[in-house]
Protein chains: 2
Amino acid sequence: MKDKNITIIDIAKQLGVSKSTVSRALKDHPDISKATKDRVNALAKKLKYKPNATAISFRQQRSRIIGLIVPQISPFFFPSIIKAVEKEVHKRGYNLMILQSGESEKRERDNLEILLHNNVDGILASVSRKTQNFDHFESLIEEHIPIVFFDRIPKNIKADCVLIDDFDGAYRAVEHLIKTGRKKISICIGNPNLLISQNRLEAYKKALNDYALPFDDNLVISGESTLEAYKATDDLINSSHKTDSIFAISDLTMSGVMQAIYKNNIQVPDKIAVIGFCESIFSKMYQPTLSYINPLGKKIGKKAAQLLLDRIDNEESQNSIKQILLSGELVINGST
Amino acid sequence: MKDKNITIIDIAKQLGVSKSTVSRALKDHPDISKATKDRVNALAKKLKYKPNATAISFRQQRSRIIGLIVPQISPFFFPSIIKAVEKEVHKRGYNLMILQSGESEKRERDNLEILLHNNVDGILASVSRKTQNFDHFESLIEEHIPIVFFDRIPKNIKADCVLIDDFDGAYRAVEHLIKTGRKKISICIGNPNLLISQNRLEAYKKALNDYALPFDDNLVISGESTLEAYKATDDLINSSHKTDSIFAISDLTMSGVMQAIYKNNIQVPDKIAVIGFCESIFSKMYQPTLSYINPLGKKIGKKAAQLLLDRIDNEESQNSIKQILLSGELVINGST
DNA sequence: ACTGGTTGCACAACCGGTTGCGCTTCTATG
DNA sequence: CATAGAAGCGCAACCGGTTGTGCAACCAGT
């Protein structure tokens, strides 16, 4: 039970003016004399008046809240996205309501409901891995609720999207391995159904092909979780396929790969080189520090937020749908 | 620009009843006949009526939003806290607005302002490392805004708190090292000004004392960041002090410690045993997997949310201030 | 003195629900 | 048959700002 807040009515009464005058005085409206404005501002300050955001949201029919749906807050590059989104959004006078789907389609739908109930002015979303049916997002678009997808986007969606250029990044990672003399390059993908796995695998194939290296199905392993990636890598290492390098397409798979490497006491990069597609912070958690393609969470967050806010703020010229591809950065460290 | 939403007035008009009747029908008020309720509910469903949460917040003078302030979303156990808080809060019909202070006192104050502007019904907070002056929190308490602190709490604050039992956990970690035969036990703390560092260091001293081991200042190292912890550990390893085990009091220091260990090619646990005070997921990122005290983010989040919601929902019996200590769990893995 | 324009403010509607109160109409009871 | 009470619904105020409109007071120009 909070104490009652000061309202413009309190100020109006004490000053013997109407509440509309107070309202306009506070917003420096030209209709109000300087003398009145000064009196109002002085009293407002004295009483520690805080405008009631709920009342304003209600009146304006806009909450100045942006909804953000992510699969998970934590692993691994979402935090940097969130940070960037938060910064951009605050800069333009909005706030953020962050919800996690936990990779569940049901919770994703529930979260969308929550955001709508809270009258968010727009939504930023990265879809859950398990979501198969995207009609909850499609109906938002039909209702013209501004929405921008990032990183994990629904198939064939008619909305703004901001993406890592998976293909480009993966290609450069593999190319880097090739250029440092590797011949039996493995790739550890995540869930094969994810677009991200597919794209990065395609790039891997293309790079091999471009450099005239054979594609060997045995060198493609997959693990949806760290543990699965660990097992798959362990199997690969102890198989007859003699890989000389591994490209791990995500933080989670990377973690699994490195565990297997430690377990088997493999020299990196002498015996096997490793390159990831991960956040810089994780590359530093291993020895030697890992080479990686940085997925640039910060850039994604900033760009996605900008697209959304532009769409909200400028009501016109919104017919064009923008799909933005951001290129990851290749950082070379001790593992290659 | 979103499409206009259906309101109870739309329903009322179509049905030829007043909006108060619609409102009551929707909430199953006894004054309304079953026939009318059925008609209202049917039409509401047909039109996909969604109550306007902003209007309700405004009228009820409560937002059903809980504000959550954390230093950072990511490293390392905040995600599990957030997840638990989110779950608890949703269960009781509230939503979460998450803000990060980024370990900055200014942003912590700004975030508090944002939450107040958004009329949150209560606040969960873990304070920034750099915050020295807590009057922004104290004035909240004076205004009787429900608030619960967790993990990092202001000194001498008169509010509910939920804490890890640092002392207990650290004691058990050191005790475990002692019982496995270590004699020259080091501790790597974070910022020495933090309560967490101080408490865990005290426990370390007490455990040594209880088991009749001498305290040696040279075995206490500190690193506020991973890099600093790395350097401090590296120095220690290459010094004459011959430590046989290290207790790292946080995820960040742990990461630094392990990097130094890898760099110096030290056998774990043969030459140096390592134990952390970290999330389970991080213990698995090293080889051998690390023994650790689990700070139980999930429990903290749940408990903190429950305390806050209880305080919000039951208006009475709120005079007592609760300070809750949760014990971490000792998990023994390959590193000790 | 009359007109036209400007200045500075008040009034009231409005946003979408909630809720106390009061008004019918119908039923039951003495 | 009169009347008390209940059932079912409408009216209007209210939450705290914002904003279109109206209008009095004043000034300058003719």
Side-chain angles (χ1 to χ4, degrees), chain A residues 1-41 43-44 47-65 93 116-121 143, chain B residues 1-41 43-44 47-65 93 116-121 143:
Chain A
M1 359 93 254
K2 300 175 288 184
D3 293 357
K4 207 182 156 305
N5 288 320
I6 306 289
T7 72
I8 54 170
I9 299 180
D10 299 324
I11 298 179
K13 275 186 187 156
Q14 290 197 35
L15 255 36
V17 298
S18 75
K19 64 173 186 172
S20 48
T21 299
V22 175
S23 171
R24 283 190 253 253
L26 290 170
K27 341 186 66 189
D28 205 25
H29 191 284
D31 268 8
I32 308 298
S33 69
K34 177 149 190 330
T36 306
K37 279 179 189 167
D38 289 347
R39 287 202 303 149
V40 168
N41 284 316
L43 187 58
L47 298 179
K48 290 184 188 169
Y49 165 75
K50 305 254 172 68
N52 180 327
T54 313
I56 296 173
S57 299
F58 178 48
R59 174 64 226 246
Q60 317 276 39
Q61 301 289 82
R62 58 191 319 216
S63 57
R64 297 200 84 79
I65 294 178
L116 294 182
H117 275 250
N118 278 280
N119 244 315
V120 294
D121 291 343
E143 291 179 47
Chain B
M1 2 105 251
K2 299 175 288 183
D3 293 359
K4 208 183 156 307
N5 288 320
I6 306 290
T7 72
I8 54 168
I9 300 180
D10 299 324
I11 298 180
K13 276 187 187 156
Q14 289 196 36
L15 255 37
V17 297
S18 75
K19 64 173 186 172
S20 46
T21 299
V22 175
S23 171
R24 283 189 255 252
L26 289 170
K27 343 186 63 188
D28 204 24
H29 191 286
D31 269 8
I32 307 299
S33 69
K34 176 147 191 332
T36 305
K37 280 179 189 168
D38 288 347
R39 287 201 306 148
V40 168
N41 284 316
L43 187 56
L47 298 180
K48 293 183 186 168
Y49 165 76
K50 307 252 171 66
N52 181 327
T54 313
I56 296 171
S57 299
F58 178 48
R59 175 64 226 246
Q60 317 275 39
Q61 300 290 81
R62 60 194 315 222
S63 57
R64 297 200 85 76
I65 294 178
L116 294 183
H117 275 252
N118 279 280
N119 244 316
V120 294
D121 292 342
E143 292 179 48

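Hydrogens, waters and symmetry mates play no part in the numbers below; they use all other heavy atoms, side chains included. Within every chain, numbering begins at 1; the chains are lettered A, B, ... in the order of the sequence lines, protein sequences first and strands thereafter.
- Distance check, rounded to the nearest 0.5 Å: CG of B/D10 to CG of B/L15 gives 11.5 Å.
- Residues B/T7 and B/N52 form no side-chain contact, since every pair of their non-hydrogen atoms from C-beta on lies 4.5 Å or further apart.
- Note that the CD atom of A/Q14 and the CG atom of A/L43 stand 5.0 Å from one another [nearest 0.5 Å].
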Sort me out a list of protein N/O and nucleotides 23-28 of chain D N/O pairs below 3.5 Å, or just none if empty.
none

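- A distance-only check finds no donor-acceptor pair linking the side chain of B/D38 to the backbone of B/A35 [under 3.5 Å].
- Looking at every heavy atom in both residues, B/Y49 comes nearest to B/I6 through CD1-O, 3.4 Å.
- Atom OG1 in A/T54 sits 11.5 Å away from atom CD in B/Q60 (nearest 0.5 Å).
- Residue contacts for B/I56: at a heavy-atom cut-off of 4.0 Å it reaches the sugar-phosphate backbone alone, with no base atom in range.
- Note that OG of B/S20 and CZ of B/R24 are 5.0 Å apart. Values are rounded to the nearest 0.5 Å.
- One atom, CZ of B/F58, and another, P of D/dT18, lie 11 Å apart when rounded to the nearest Å.
- The environment of B/K13 atom NZ is sparse: at most 12 non-hydrogen atoms of other residues, nucleotides or ligands sit within 6.0 angstrom.
- For A/S33, the side-chain hydrogen bond (donor to acceptor under 3.5 Å, both in side chains) partners two or more places apart in sequence, or in a different chain, are A/T36.
- No engagement by B/T54 is indicated, since no non-hydrogen atom pair under 4.0 Å with the nucleic acid exists.
- Distance check: B/K19 NZ to B/I8 CD1 gives 6.0 Å after rounding to the nearest 0.5 Å.
- By the side-chain contact (heavy atoms from CB on, under 4.5 Å) test, B/K37 is found to be paired with B/A25, B/D28, B/I32, B/N41, residues two or more places apart in sequence or in another chain being considered.
- Taking five base pairs at each end of the helix from C/dA1-D/dT30 to C/dG30-D/dC1, the local helix axes there meet at an angle of 60°, rounded to 10°.
- B/I65 places a side-chain heavy atom less than 4.5 Å from the side chain of A/N118.
- In this structure, A/R64 and A/I56 have side chains that are not in contact, with every pair of non-hydrogen atoms separated by 4.5 Å or more.
- Of the two residues near DNA chain D, B/S18 and B/Q60, the one whose nearest nucleotide lies more 5' is B/S18.
- Take the nearest nucleotide of DNA chain C for A/K19 and for A/D31: the residue whose nucleotide is more 5' is A/D31.
- Within residues 20-29 of chain A, the residues approached by DNA chain D to less than 4.0 Å at the level of any non-hydrogen atom are A/S20, A/S23, A/R24, A/K27, in residue-number order.
- Protein chain A touches strand DNA chain C; the 5'-most and 3'-most nucleotides with an atom under 4.0 angstrom of its non-hydrogen atoms are C/dG8 to C/dG16.
- At whole-Å resolution of the value, CD1 in B/I8 and P in D/dA12 are 16 Å apart.
- Take the nearest nucleotide of DNA chain D for B/R59 and for B/G16: the residue whose nucleotide is more 5' is B/G16.
- Between the NZ atom of B/K34 and the P atom of D/dA7 there is a distance of 17 Å, given to the nearest Å.
- Both B/I9 and A/S33 sit near DNA chain C, but only A/S33 has its closest nucleotide nearer the 5' end.
- Of all non-hydrogen atoms in A/S63 and A/N119, the two that sit nearest each other are OG-O, 2.6 Å.
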